[in-house]
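Below is one structure, written out as structure tokens; comments come after it.
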Amino acid sequence: MLDPKLLRSDPQFVAQRLALRGFTLDIARLESLESRRRELQTATEQLQNERNVRSKAIGKAKAAGEDIQPLLAEVGQLGDDLDRAKRELAEVQRAWDDMVAGLPNLPHDSVPEGADENDNVELHRWGTPREFDFEVRDHVDLGARFGYLDFELATKLTGSRFAVMRGPIARLHRALAQFMLDKQTQEHGYEECYVPYMVNADSLVGTGQLPKFGEDLFRLTGDNGYYLIPTAEVPLTNFVRDEILDRAALPLKLTAHTPCFRSEAGAYGRDTRGMIRQHQFDKVEMVQVVEPATSYAVLEEMRGHAEAILRALELPYRVVTLCAGDMGFGAAKTYDLEVWLPSQRTYREISSVSNCEDFQARRMQARFRSPEQKKPQLVHTLNGSGLAVGRCLLAVLENFQNADGSIDVPAILQPYMGGVTRINAD
RNA sequence: GGAGAGGUGGCAGAGUGGUCGAAUGCACCGCACUCGAAAUGCGGCAUACCUUCGCGGGUAUCGAGGGUUCAAAUCCCUCCCUCUCCGCCA
């Protein structure tokens with residue numbers, strides 16, 4: 001959520017920043033709602049005050065043994081007026097809340113302008129894509145060789161956009177997740193967490209998936225209305241919802257390996273082959289909750305934490321700064337890491353690292369207290385994949401393939417594979 | 001799933017429908033005392049929003065949401081959560 005004070009004091013500025021991401025702010029509507037809200041709130045509170053004063057007077061009179069009938073008569077009309085005022089106020093307030101809850105975050109000054117992914121700016125590349133002296137197979141073909149990666153089976157079990165992994169590929173998948181988790185906890189200082197894979201609506205509102213993007217989520221039937229998590233960012237970031245932290249508790253660095261569930265309602269027809277875009281995939285997620293002054297330094301740090309995984313795996317990648325138009329709803333600045341996929345001869349997203357500044361914190365009422373400042377201040381929240389396990393798996397399969405369809409296990413993963421150095425061999 | 005007991009400020013813990021935003025204790029902060037500290041005394045100590053240049057004033061919040069009432073932490077309803085016992089289970 002954007003700062004209501006800023007929306008009020010400088011709507012032109014907000015509109016201009018939002019325009020960078022292709023969002024049009026209806027200033028006239030905002031201002032009309034705001035002025036009506038203010039008017040109604042003041043009037044309602046005055047009525048409320050009057051009623052409180054009179055009720056107290058009745059209490060005193062009664063305690064003093066006086067006749068309270070005349071006082072009751074005086075107060076008669078007040079209740080109706082108050083009810084009406086409250087109703088009107090609630091209506092306007094809700095309209096305003098709905099409008100503001102639907103506004104995306106403002107892009108940071110350093111974010112490049114642009115409308116879509118074509119305008120993202122490459123920051124740097126690492127590694128050199130390997131030249132193959134044979135015709136490369138994509139991960140679907142490689143995985144099908146011994147039935148280690150089976151999409152048809154998953155379709156029978158469930159439906160499209162799911163995968164079954166078996167044998168060494170299933171183990172490679174597990175090895176990747178274990179390796180990532182170890183790296184983030186042991187070398188980068190994150191606390192390992194195990195979290196619910198279902199969350200309530202409040203958590204999703206806190207991180208910004210709701211109310212606007214419900215169609216991307218799997219909602220469970222039943223009275224409690226839980227949702228499957230689309231990313232561990234949701235449970236991890238919501239650790240601090242409605243909390244006032246001690247400054248000494250910051251930065252809070254959390255990581256978790258979880259499955260992620262996405263309905264991808266708007267993505268039909270894209271990446272239908274293979275496991276690029278699945279309804280269920282595993283991810284190791286990093287979340288940091290920090291003091292505002294440090295958040296941009298932390299963003300760079302977290303990008304490094306994600307890059308470290310790809311480097312250790314010897315996977316060529318590039319880093320792009322997302323342009324304003326391509327960023328997610330809550331992000332003020334985002335880096336995407338894109339891994340080289342030989343079968344597509346292109347880089348594909350494998351990690352996204354974002355600084356949400358106080359956007360999520362304001363929705364969550366997540367604050368911290370420092371000795372210098374009397375009032376609690378909003379924290380800044382950041383999240384990043386470190387990394388997407390499924391996409392990483394397919395990157396390994398494709399980049400480490402041999403002419404005979406076997407796949408070398410990256411050196412760093414071999415200890416996690418019981419010393420196995422090559423899979424898919426005859 | 002069944003039966004019972006509960007959810008009050010950072011924590012503990014009072015609270016008869018009416019001067020209750022809420023006693024008291026602990027923790028924390030300031031001041032006094034002290035060479036310093038401890039102990040003691042005095043004072044302060046929730047959050048959000050509205051209003052004011054400021055001092056200040058106002059509104060809301062006692063798990064959540066409804067209801068009764070001139071007035072609700074207190075009464076009624078629904079839901080959520082916690083604890084104890086039983087059942088079932090990994």
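Note that the structure is predicted; figures quoted are calculated from it, not measured. Residue numbers start from 1 in every chain, and the chains themselves are labelled A, B, ... in the order their sequence lines are given, proteins ahead of strands.
For the pairing with V240(A), the side chain to side chain contact (heavy atoms under 4.5 Å, CB included) check across L254(A), V287(A), L252(A) returns one residue only, L252(A). For the side chain to side chain contact (heavy atoms under 4.5 Å, CB included) test with L337(A), the passing option among L315(A), V319(A), I309(A) is V319(A); the others fail.
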Any protein N or O atoms within reach of nucleotides 73-78 of chain B? Criterion: under 3.5 Å, listing atom names and distances.
none

Short heteroatom pairs, N/O only, protein and nucleotides 53-56 of chain B, under 3.5 Å:
none

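Taking atom C1' in both A12(B) and A22(B), one finds a spacing of 16 Å when rounded to whole Å. The gap from the C1' atom of C75(B) to that of G18(B) amounts to 14 Å, rounded to the nearest Å. Rounded to whole Å, the separation between the P atoms of G4(B) and G43(B) comes to 48 Å. Here the separation of U69(B) from G17(B), taken at their C1' atoms, is 9 Å to the nearest Å. The separation of G21(B) from C85(B), taken at their P atoms, amounts to 40 Å, rounded to a whole angstrom. Look at the C1' atom in both C50(B) and A37(B): the space between them is 47 Å, to the nearest Å. When the P atom is compared between A38(B) and A27(B), the two are found 12 Å apart, to the nearest whole Å. Look at the C1' atom in both C20(B) and G9(B): the space between them is 13 Å, to the nearest Å.
Closest to the side chain of K62(A), out of U47(B), G18(B), C81(B), is G18(B).
Annotation: side chain of V140(A) is in contact with side chain of F151(A) (closest heavy-atom distance under 4.5 Å). The closest side-chain heavy-atom distance from R391(A) to E349(A) is below 4.5 Å.
In this structure, D10(A) contributes its side chain and F13(A) its backbone to a donor-acceptor pair below 3.5 Å.
A donor and an acceptor atom, one from each side chain of H139(A) and E398(A), are located under 3.5 Å apart. In this model, no donor atom of one side chain and acceptor atom of the other lie less than 3.5 Å apart for S263(A) and D216(A). Judged purely by distance below 3.5 Å, without hydrogens or angles, the side chains of E192(A) and Q186(A) never pair a donor atom with an acceptor atom. For the 3.5 Å distance criterion, the side chains of S203(A) and R241(A) qualify, holding a donor opposite an acceptor.
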Considering only distance and modelled atom types, tabulate donor-acceptor pairs under 3.5 Å from the side chains of residues 325-334 of chain A, sequence neighbours left out.
unit_1	atom_1	unit_2	atom_2	d
D326(A)	OD2	N120(A)	ND2	3.0
K333(A)	NZ	S110(A)	OG	2.9
K333(A)	NZ	Y335(A)	OH	3.3
T334(A)	OG1	S354(A)	OG	2.8

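In this structure, E113(A) and C323(A) approach most closely via the heavy-atom pair O-CB, 3.7 Å.
When each of P376(A) and R8(A) is assigned the nucleotide of RNA chain B with its nearest heavy atom, P376(A) is the one assigned upstream, toward the 5' end.
Residues satisfying the ring pair (Phe, Tyr, Trp, His ring centres under 6.0 Å) test with F146(A), not counting sequence neighbours, are Y148(A). Remark: F162(A) engages H279(A) in a ring pair (Phe, Tyr, Trp, His ring centres under 6.0 Å) (not counting sequence neighbours). Residues that satisfy the side chain to side chain contact (heavy atoms under 4.5 Å, CB included) test with N52(A), not counting sequence neighbours, are Q48(A).
For the contact set between residues 48-60 of chain A and RNA chain B, defined by any heavy atom under 4.0 Å, the members are Q48(A), N49(A), R51(A), N52(A), S55(A), K56(A), I58(A), G59(A), K60(A). Proximity of residues 25-47 of chain A to RNA chain B (heavy atom under 4.0 angstrom from any strand atom) is restricted to R37(A), R38(A), Q41(A), T42(A), E45(A).
Separating the CG atom of L245(A) from the C1' atom of G10(B) is a distance of 13 Å, rounded to the nearest angstrom. Summarising the geometry, the separation between CZ on F368(A) and P on U47(B) is reported as 14 Å, rounded to the nearest angstrom. Atom CG in D3(A) sits roughly 13 Å away from atom P in A48(B) (whole-Å rounding). Protein atom CZ of R362(A) is 17 Å distant from nucleotide atom P of U47(B), rounded to whole Å. In this entry the distance linking CG of D242(A) with C1' of A64(B) reads 12 Å, nearest Å. If you take CD of Q377(A) and C1' of U47(B), they are 15 Å apart, rounded to a whole angstrom. A46(B) atom P lies 18 Å from atom CD of E243(A), rounded to whole Å. One can place CZ of R363(A) at 19 Å from P of A48(B), the figure rounded to the nearest angstrom.
Under 4.0 angstrom from either OP1 or OP2 of G10(B) there lies no side-chain N or O belonging to R369(A).
Within the structure, salt bridge (Lys or Arg N to Asp or Glu O under 4.0 Å) pairs that include any residue of residues 291-315 of chain A comprise K253(A)-E301(A), E300(A)-R303(A), R303(A)-E307(A), E307(A)-R311(A) (at least two apart or interchain). Note on residues 293-313 of chain A: pairs passing ring-ring contact (aromatic ring centres under 6.0 Å, His included), not counting sequence neighbours, are H108(A)-Y296(A), H188(A)-H305(A), Y190(A)-H305(A). Applying the side chain to side chain donor-acceptor pair (under 3.5 Å) test to residues at least two apart or on different chains, none of the pairs has a partner in residues 19-29 of chain A.
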### Task
Would you sketch RNA chain B in dot-bracket for me? Only Watson-Crick or G-U wobble pairs with both distances under 3.5 Å count, crossing pairs as [ ], other-strand pairs as |, the rest as dots.
((((((((.[[[..)..(.....]]].(((((.......))))).((((((....)))))).[[[[[..)....]]]]])))))))....

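Remark: R219(A) is positioned above the aromatic ring of Y227(A), its terminal NZ or CZ atom under 6.0 angstrom from the ring centre and at most 45 degrees off the axis.
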